[in-house]
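Predicted, not measured: the structure shown is a model, and the values here were computed from it. Residue numbers begin at 1 in each chain, while the letters A, B, ... track the order of the sequences.
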Amino acid sequence: MFIYDSVQKEKRKFIPLREGKVSLYVCGPTVYDDAHLGHAKSALVFDLLTRVLKANGLDVTYARNITDIDDKIIKKAIAQNKDIKEITDYYTDSFHKEMSAIGVSRPDIEPKATESLNAMFEMIQKLIDSGHAYATKDGDVYFDTASDSAYLTLSSRVQDDEDRQERVASSSMKKNPADFAMWKSVKDGSLTYESPFGLGRPGWHLECSAMIEKHLAQADTAFAVDIHGGGADLLFPHHENEAAQTRCSSKHELASYWMHNGFVNINGEKMSKSLGNSFFLKDALKEYDGEVLRFYLLSTHYRSNFNFKSEDLSIAKKRLDKIYRLKKRLFGLAQNSEATEFKTKLLEALSDDMNVSSALALIEEMLSSANEILDTAGKHKLLKRETISNLAYIEEILGFGVKNPFEYFQFGMDQDTKDTIATLMEKRSEAKREKNFEESDRLRDEILAFGVTLMDTPAGTFWEKV
RNA sequence: GGUGCCAUCGCCAAGUGGUAAGGCCGUAGCCUGCAAAGCUACUAUCCCCAGUUCAAAUCUGGGUGGCACCUCCA
């Protein structure tokens, strides 16, 4: 297994901290709004990573947090006159449902900020005691960046004097403009939590460090976790700050490997609220099967920026369709787990920093050759066994082809329409038997009007939604 | 302004020194009553310039053109 470490900026052989085991922590969503394609991309990338690690025989513990304490959540609750928990529960639940629709498995551990406050307090206290943090007379607690000689080494940033001057005005109580809040005193009567440092709310960066320490870290390892992942934008300041907190409050560095996934742009533009072009997952799921979105968002390398275009999405559907068509050809045959060269190569490609493009090339070559042999030698038993085994492996590692192939092609069709199509198809088959091609073609046109396509095969006639 | 990334066929996209994967689209053909699906064949020398090397899309230098982060963000 090779992983590109976005801090060391090179592909490195993956060596776990503890033999045979991997701990993975990924920054999860702040639950104040619907998940967009960017959340989906990140979740998919690390879902794939866990599958590949497992396929390599590693025992993976995957944690992804839910940030349920945040100013934006409070703002939304006030705006909608709802309880905070009502908001966070709602968006946490929809996040889970939508992730499940695109085949993302739940992490092993999903800590919430609200349930990890004690771990945060402990970390703050340790940092204060060791001189890495200080409380202001306003009741805020800041991390003292000057106290950490390794600060900014993670994101390879240099302190810029002019830059620092500009930010001074905003926070006069800080010793240093780069210092960031771990505990923010809140006195406006909105939601606060009791803490040894007074009433207030925790800083965002603190959350992840504390949760990692609580749920994943081992006392005797040089790093708290094997792999820390997240979106590319998180490297600075979020991960830089997390790393500083962990480094200064414990005996280990935060992560042995850092992985950052590229951004999703919409038609060449960054997705953002101000541009009004946020593409929500729930809207995409109305148009496309979740697996098509999964395929599409995973079809290019995870580190590249991803430019979402609906034309490309329909190409992704065409490619996924091919997997399902082969599944249809082999439908009903017994499952098995034959060892094949294809599987070895597929895992090899994915184990190389998740080279999905190479993996897809292997898959499409496998599909072509399987179809070719099935075309010419329909009773090739060994080939069928191997192909079924290959398809099962694609399902397991990539999560492509997990559905019933017939149902997959009926996405979004209601039962009435399906019944009508079935009736028309029966009439058409009858006309065909009588060699009344004029009538059968007329019926086909009628069926096509439902937005489906027809396929006459040796096993009968099938329809697929276009 | 600082830091970093990228530039491969009409489109999407692999490939980090050894002579350009794969997909979409297109063309021709096989199959089919006709289609659809499937299969076969064909389609690029890698932004520009200079250099290193027996050998470069891949390394170095210089251009040009995109993009990201530096503020909450996956």
Side-chain angles (χ1 to χ4, degrees), chain A residues 6 9-11 26-30 32-33 35-46 64 67 70-72 152 155-163 166-167 170 178 204 229-238 240 260-265 268-273 278 296 299-307 309 311-322 325-326 328-329 349 352 355-376 432 435-438 440-441 444-445 448 452-458 461-464 466:
Chain A
S6 43
K9 298 192 201 310
E10 63 179 8
K11 209 185 271 185
V26 175
C27 295
T30 300
Y32 72 104
D33 205 352
H36 57 231
L37 293 179
H39 293 110
K41 169 85 181 175
S42 180
L44 283 166
V45 164
F46 293 103
R64 184 185 58 206
T67 299
D70 188 274
D71 290 355
K72 289 188 288 273
L152 295 185
S155 54
S156 341
R157 215 160 281 266
V158 285
Q159 290 277 13
D160 186 314
D161 284 343
E162 286 182 34
D163 199 31
E166 278 184 284
R167 291 182 215 154
S170 60
W204 174 48
D233 56 328
L234 261 29
L235 180 54
F236 187 86
H238 187 52
E240 184 72 60
H260 291 93
N261 64 274
F263 254 53
V264 178
N265 295 328
E269 284 184 321
K270 182 179 169 171
M271 197 170 11
S272 77
K273 290 243 159 86
S278 285
Y296 178 45
S299 65
T300 68
H301 195 90
Y302 76 92
R303 275 186 278 124
S304 311
N305 279 341
F306 188 94
N307 188 27
K309 286 200 293 186
E311 304 98 276
D312 294 339
L313 181 54
S314 60
I315 287 167
K317 180 184 179 306
K318 286 181 188 177
R319 297 179 78 174
L320 182 60
D321 285 354
K322 293 201 288 189
R325 289 207 186 96
L326 184 59
K328 280 207 294 193
R329 291 188 81 165
D352 180 17
N355 191 333
V356 179
S357 290
S358 288
L360 288 177
L362 288 167
I363 288 173
E364 312 222 28
E365 278 163 7
M366 186 278 285
L367 296 177
S368 282
S369 70
N371 275 318
E372 186 187 359
I373 298 171
L374 287 170
D375 278 352
T376 51
K432 275 183 62 175
K435 303 233 185 294
N436 184 351
F437 295 125
E438 203 175 311
S440 73
D441 287 352
R444 178 165 59 196
D445 287 343
L448 261 42
V452 302
T453 181
L454 280 188
M455 290 164 186
D456 294 325
T457 76
T461 301
F462 300 106
W463 64 269
E464 291 181 0
V466 179

So what does [X] touch, heavy atoms closer than 4.0 Å: a base, only the sugar-phosphate, or nothing?
X: K41(A); value: nothing
X: E464(A); value: nothing
X: S42(A); value: sugar-phosphate
X: G28(A); value: sugar-phosphate
X: S304(A); value: sugar-phosphate
X: F263(A); value: base
X: D456(A); value: base
X: V264(A); value: base

It should be established whether R325(A) places a side-chain nitrogen or oxygen under 4.0 Å from OP1 or OP2 of nucleotide rG38(B).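 The answer is yes; a side-chain N or O of R325(A) sits under 4.0 Å from OP1 or OP2.
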Is the distance from OP1 or OP2 of rC25(B) to the nearest side-chain N or O of K318(A) less than 4.0 Å?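 Affirmative; the distance criterion is met.
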Between D312(A) and K317(A), is there a salt bridge with N-O shorter than 4.0 Å?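 Salt bridge: no.
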Review item, nucleotides 39-41 of chain B N/O atoms under 3.5 Å of protein N/O:
unit_1, atom_1, unit_2, atom_2, d
rC39(B), OP1, S368(A), OG, 3.1
rC39(B), O4', D375(A), OD2, 3.3
rU40(B), OP1, E372(A), OE1, 3.4

Mind checking the C1' distance from rU60(B) to rU16(B)? Whole angstroms is fine. 14 Å
In whole Å, what separates the P atom of rU45(B) from that of rU40(B)? 24 Å
Pick out the pairs of N or O atoms, protein on one side and nucleotides 15-19 of chain B on the other, that lie under 3.5 Å.
unit_1, atom_1, unit_2, atom_2, d
rG15(B), OP1, N355(A), ND2, 3.3

Under 3.5 Å, is there any donor-acceptor pair linking the side chain of N307(A) to the base of rC11(B)? no
Distance check needed: rC34(B) P versus R444(A) CZ, whole Å only.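 Atom CZ in R444(A) sits about 11 Å away from atom P in rC34(B).
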Would you please indicate yes or no on a ring centroid separation below 6.0 angstrom for Y302(A) and F46(A)? no
